[in-house]
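Before any comments, here is the structure.
No experiment lies behind these values; they were computed from the predicted model shown.
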Amino acid sequence: MKKSPDSSAGEYVQYAFWFPLFTLSSVSMVILNKYCAASFPQPYSLLAFQNTMTIVLNFIGLQLGVFTMRSFTAQQFKMFAIPSVLFVGMLVTSLRGLPLVSVATTVVFRALSTCVVAFGDFLFFSKKFNAGV
């Protein structure tokens, strides 16, 4: 099935809208996190607060019927345990390092890490990417 010229023009309009919005939210999140990491005496308490609020808001959404969740199984625990530990390690090291580096450095290295992950996908899982990714 061939795309009409109007549909590809619509895709470019979406990119023109979403890319700057993504960039703005990403940079503002880094700036806010840097401010919090530098100004809070206990930045890990902020991390605990954010995670607690995530659990509370998910529970409220579940109770109000906004979404549903399946029961948590041992298989899911096994599947998510290592990535969760690595994610927590990334958060802890980010909180430690964020006050010491500039926002531009953080944004650039975040983009580079995405490229490294894509290369790892290619190298270890033979994943192929095209322009549309």
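Residue Gln63 qualifies as enclosed at atom CD: its count of foreign heavy atoms under 6.0 Å is above 12. Within a 6.0 Å sphere centred on CD1 of Ile82, heavy atoms belonging to other residues, nucleotides or ligands number 12 at most. In the displayed structure, Phe72 atom CZ is contacted under 6.0 Å by more than 12 heavy atoms of other residues, nucleotides or ligands.
Through direct or relayed side-chain contacts under 4.5 Å between Ile, Leu, Val, Met, Phe, Trp and Tyr, Leu62 connects to Val56, Ile60, Leu64, Val66, Phe67, Met69.
Taking every heavy atom of both residues into account, Phe122 and Lys128 meet most closely at CE1-NZ, 3.6 Å. Closest approach of Val30 and Val103 over heavy atoms only: CG1-CG1, 3.8 Å.
Although no hydrogens or angles enter the test, the distance criterion places no donor-acceptor pair under 3.5 Å between the side chain of Lys34 and the main chain of Leu95.
A donor and an acceptor atom, one from each side chain of Ser26 and Thr23, are nowhere located under 3.5 Å apart.
Between Phe17 and Leu21, some side-chain heavy-atom pair lies under the 4.5 Å cut-off. Put simply, the side chain of Thr73 does not reach to within 4.5 Å of the side chain of Phe77, judged on heavy atoms.
Expressed to the nearest 0.5 Å, how far OG of Ser25 lies from CH2 of Trp18 amounts to 9.5 Å. If you take CD1 on Ile55 and CD on Gln50, they are separated by 12.5 Å, rounding to the nearest 0.5 Å. Note that OG1 of Thr105 is 10.5 Å distant from CG of Leu98, once rounded to the nearest 0.5 Å. One distance of note links CG of Leu91 with CZ of Arg96; it measures 14.0 Å at 0.5 Å rounding. Atom CZ in Phe49 sits 10.0 Å away from atom OG in Ser45 (nearest 0.5 Å). Here the SG atom belonging to Cys36 is positioned 4.5 Å from the CG atom belonging to Leu32, to the nearest 0.5 angstrom.
With hydrophobic clusters built from ILVMFWY side chains whose heavy atoms lie under 4.5 angstrom apart, Met90 shares a cluster with Val88.
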